[in-house]
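Scroll down for the structure; my scribbles are underneath it.
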Number of protein chains: 2
Amino acid sequence: MGTVTKALELLDLFTRERALIGLSDLARLSGLNKATCFRMMTEMQGLGLVEQAGPSKAYRLGPAVLRLAALREAAVPTRDAAMPVVQVLARETGETAHLSHIVGPALRTLAFAYSSAHGTRVMMEDADLLPYHATSSGLAVLAFLPDTVVDSLLATALPAFTAATVTNPADIRARLATIRATGWSETHATFEADVRSVAVPLFGASGACTGAIAIAAPAARVTPALHARMVAGLMRAGADITTLWGGQLPPAVKAAWAIAA
Amino acid sequence: MGTVTKALELLDLFTRERALIGLSDLARLSGLNKATCFRMMTEMQGLGLVEQAGPSKAYRLGPAVLRLAALREAAVPTRDAAMPVVQVLARETGETAHLSHIVGPALRTLAFAYSSAHGTRVMMEDADLLPYHATSSGLAVLAFLPDTVVDSLLATALPAFTAATVTNPADIRARLATIRATGWSETHATFEADVRSVAVPLFGASGACTGAIAIAAPAARVTPALHARMVAGLMRAGADITTLWGGQLPPAVKAAWAIAA
DNA sequence: TGCATATGGTTCATTATTTGAACCGTTGGT
DNA sequence: ACCAACGGTTCAAATAATGAACCATATGCA
């Protein structure tokens, strides 16, 4: 493995719950030697990518990442462009809408919006990781990813997050076939209990799948009428965002969405 | 130089004007070998830090930086926290206010706000680089940085951006002494013609200077009364943001600002 | 048409950097 | 006073980075 990859995987250890990490923890979590971690963190600190904070000298992400993100959004306004669509979707359905994005090998939440229609709602957090096999967004993306990616994912051990999580590769493959035909995916308490979620895939300029947009609601609230509105809204939002991103819907998806609408 | 530093300096070549860079250009701009660049970019691509786009296979910043920025903002809401203060400052003075931040060896614009009071205003851009010796923000920061940093900067050749730019190290040192005493800095058309600008430094948790906040106005509009309001507003804003960032004013600055207020 | 010169990407012997066990000096708890 | 954990440092040994030369391809030009 390259040195750069190791250093940047160190950055991936930072999460919302674990914003500060000490040197020893960093070494334990990454499996790298403490000296290696130290040299890398020192180097990245010099570039402003991380900084040391607090009473101990624990590390956290530094201000340089803000500059990089500002430049990325200036070049490719992924998030800013899609945000209004996500908000409209949340308002029209009265439920939580969220947008996710393939980053490296994982699917991450990029943006989300709540509705104020109900006192209870499904909560989200930015930059969270979504498992492919247990979320509607994950399945929507997986259905339109190359077979090689699907094969290698299904070859690994799939964790069960709830009693309802589907972990059998054959069952998942069957669901993917359905999703390819209908153009949307659905899960039922497979990631979090009592949550029902529907998603559609999003596509980039080359026609490859780059992410998904989804709506998540408390299961008890999802009537057939609401479900229909969710699917219809997602198809429109999916087409809109794909256009905003300069992407192109695969013919099969375009046909599936046109028939349903 | 470490490999990680080289790779991340590659990322620093991306700017707003040059969002897409091809492999050969990357090698030329960085001075690194083409094979080295290729390997590093491939590695960073695997992590989503950069991606290849367009008809040619030019590189640009990838979606992973958005995730890192989201986590940084969650841990330390630098920009979000400071933004209202910058906006109030712009509204109260009727001029352009901007916040800058030390990132590695350079000073970068992090946020700015315009006022709608006048038809003409000083324009800004996010993530722009501010030269230390020719801007009020730069001088404000420099005055509170360690002597070693000042020495090494003044040892380099300082470019003149206008006829009024001060490039003589001795003259700059004299101005820094004044700034240390008063707690604020000022420039007169030293970076852009007809622009007059006032700034105060900002400080981090350790008491070290981490950035500056400034107001820039067309020179003709700066009356003594407005100038006084600018300085007073900046001092309040500087104290507020330093607090918001969990920072601490050095005693000397606290004293200077208290006396002036 | 063919020549010249770009481009992104690849190879492999040479070289320089990374690596990690063991080591400091401090700190905080018992 | 002790112990264990912390952040940080060292240096011979091992590994990964390096770069000149090399493809295949595409573009501009006469």
Side-chain angles (χ1 to χ4, degrees), chain A residues 1-14 17-62 75-76 104 146 148 204-206 208, chain B residues 1-14 17-62 75-76 104 146 148 204-208 246:
Chain A
M1 192 196 306
T3 310
V4 177
T5 300
K6 282 180 212 153
L8 295 174
E9 278 180 354
L10 237 34
L11 291 186
D12 251 344
L13 294 174
F14 291 92
E17 295 75 34
R18 196 170 55 213
L20 257 83
I21 313 184
L23 182 60
S24 297
D25 280 335
L26 224 33
R28 259 190 297 277
L29 289 166
S30 65
L32 298 173
N33 185 281
K34 194 167 52 131
T36 304
C37 286
F38 175 71
R39 214 165 9 80
M40 286 174 171
M41 293 311 273
T42 304
E43 226 173 315
M44 292 199 275
Q45 192 172 23
L47 294 154
L49 258 153
V50 298
E51 63 184 11
Q52 284 181 292
S56 75
K57 298 190 182 177
Y59 296 88
R60 69 176 173 208
L61 293 173
V76 189
T148 55
S206 62
Chain B
M1 192 196 306
T3 310
V4 178
T5 301
K6 281 179 215 156
L8 296 174
E9 278 181 354
L10 239 33
L11 290 186
D12 252 342
L13 296 174
F14 292 91
E17 294 75 34
R18 196 171 53 217
L20 253 78
I21 312 184
L23 182 61
S24 299
D25 280 336
L26 223 35
R28 260 189 297 277
L29 289 166
S30 66
L32 299 173
N33 185 283
K34 195 169 52 135
T36 304
C37 284
F38 176 71
R39 215 162 6 79
M40 285 173 172
M41 293 311 274
T42 304
E43 226 172 314
M44 291 199 276
Q45 191 172 23
L47 294 154
L49 248 125
V50 298
E51 63 183 12
Q52 283 180 293
S56 75
K57 299 190 181 176
Y59 296 89
R60 69 176 173 206
L61 292 173
V76 190
T148 54
S206 63

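Throughout, a chain's letter reflects where its sequence line sits, starting with A, and its residues are numbered from 1. All values below come from the heavy atoms of this structure, side chains included, with hydrogens, waters and symmetry mates left out. Note that the structure is a prediction, hence the values are computed from the model and not measured.
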Looking at the side chain of Ala35(B), which of dG19(D), dG8(D), dG8(C) is the nearest nucleotide?
-> dG19(D)
Is the backbone N or O of Leu32(B) less than 3.5 Å from a side-chain atom of Thr36(B), with the two atoms forming a donor-acceptor pair by type?
-> no
To the side chain of Phe38(A), which of dA17(D), dG8(D), dA20(D) is closest?
-> dG8(D)
Phosphate oxygens OP1/OP2 of dG9(C): is one of them under 4.0 Å from a side-chain N or O of Gln52(B)?
-> yes
Do Glu9(A) and Ser30(A) pass the side-chain contact (heavy atoms from CB on, under 4.5 Å) test, and can you show the C-alpha distance, the side-chain angles, and the key distance before you say yes or no?
-> CA-CA 8 Å; Glu9(A) 278 180 354; Ser30(A) 65; over 6 Å; no
Answer yes or no: is there a side-chain heavy-atom contact under 4.5 Å between Arg18(A) and Leu29(A)?
-> yes
Ranking dG8(C), dT19(C), dG8(D) by distance to the side chain of Lys57(B), first place goes to dG8(C)
dA16(D) C1' sits how many Å from Leu32(A) CG, rounded?
-> 14 Å
Taking for each residue the nucleotide of DNA chain D bearing the nearest heavy atom, is the 5' side occupied by Val4(A) or by Leu23(A)?
-> Leu23(A)
Leu20(A) CG - dC6(D) P separation (whole Å) | 15 Å
Report yes if a side-chain nitrogen or oxygen of Thr3(B) is closer than 4.0 Å to either non-bridging phosphate oxygen (OP1 or OP2) of dT18(C); otherwise report no.
-> yes
Of Gly2(A) and Ser24(A), the one whose closest DNA chain D nucleotide lies more 5' = Ser24(A)
Determine, step by step, whether Val4(A) and Thr3(B) satisfy the side-chain contact (heavy atoms from CB on, under 4.5 Å) criterion, reporting the C-alpha distance in whole Å, the side-chain angles of both residues, the deciding distance to 0.1 Å, and the verdict.
-> CA-CA 7 Å; Val4(A) 177; Thr3(B) 310; 4.1 Å; yes
Atom CD1 of Ile21(A) and atom C1' of dC6(D) are separated, to the nearest Å, by 16 Å
Indicate whether OP1 or OP2 belonging to dT9(D) is found under 4.0 Å from a side-chain N or O atom of Lys34(A).
-> no
Would you mind reading off the distance between Glu51(A) atom CD and dG7(D) atom P, rounded to a whole angstrom?
-> 17 Å
Would you classify Met41(A) as touching base, sugar-phosphate or nothing, given that sugar-phosphate means primed atoms plus P, OP1 and OP2, and contacts are heavy atoms under 4.0 Å?
-> nothing
Answer yes or no: is there a donor N or O on one side and an acceptor on the other, between the side chain of Glu43(B) and the main chain of Thr5(A), under 3.5 Å?
-> yes
Thr36(A) vs dG20(C): side-chain N/O to OP1/OP2 distance below 4.0 Å = yes
So, is Arg28(A) near the phosphate of dC6(D), with a side-chain N or O under 4.0 Å from OP1 or OP2?
-> yes
Return the value, rounded to whole Å, for the distance between atom CZ of Arg60(B) and atom P of dG8(C).
-> 16 Å
Whole angstrom value for the distance that separates P of dG8(D) from CG of Asn33(A) | 14 Å
Check whether any side-chain nitrogen or oxygen of Tyr59(A) sits under 4.0 Å from OP1 or OP2 of dG8(D), and answer yes or no.
-> yes
The answer to which of Ala58(B) and Glu43(A) contacts DNA chain C further toward the 5' end, by nearest nucleotide, is Ala58(B)
Side-chain N,O (Lys6(B)) to OP1/OP2 (dT18(D)) below 4.0 Å | yes
Separation of dA20(D) atom P from Arg39(B) atom CZ, nearest Å, is 14 Å
Rounded off to whole Å, could you give me the CD-to-P distance for the Gln45(B) and dG8(C) pair?
-> 13 Å
Select from Thr42(B) and Asp25(B) the residue whose nearest nucleotide in DNA chain C is closer to the 5' end of that strand.
-> Asp25(B)
Using atom types as modelled and distance alone, determine if a side-chain donor or acceptor of Gln52(B) lies under 3.5 Å from a backbone N or O of Tyr59(B).
-> no
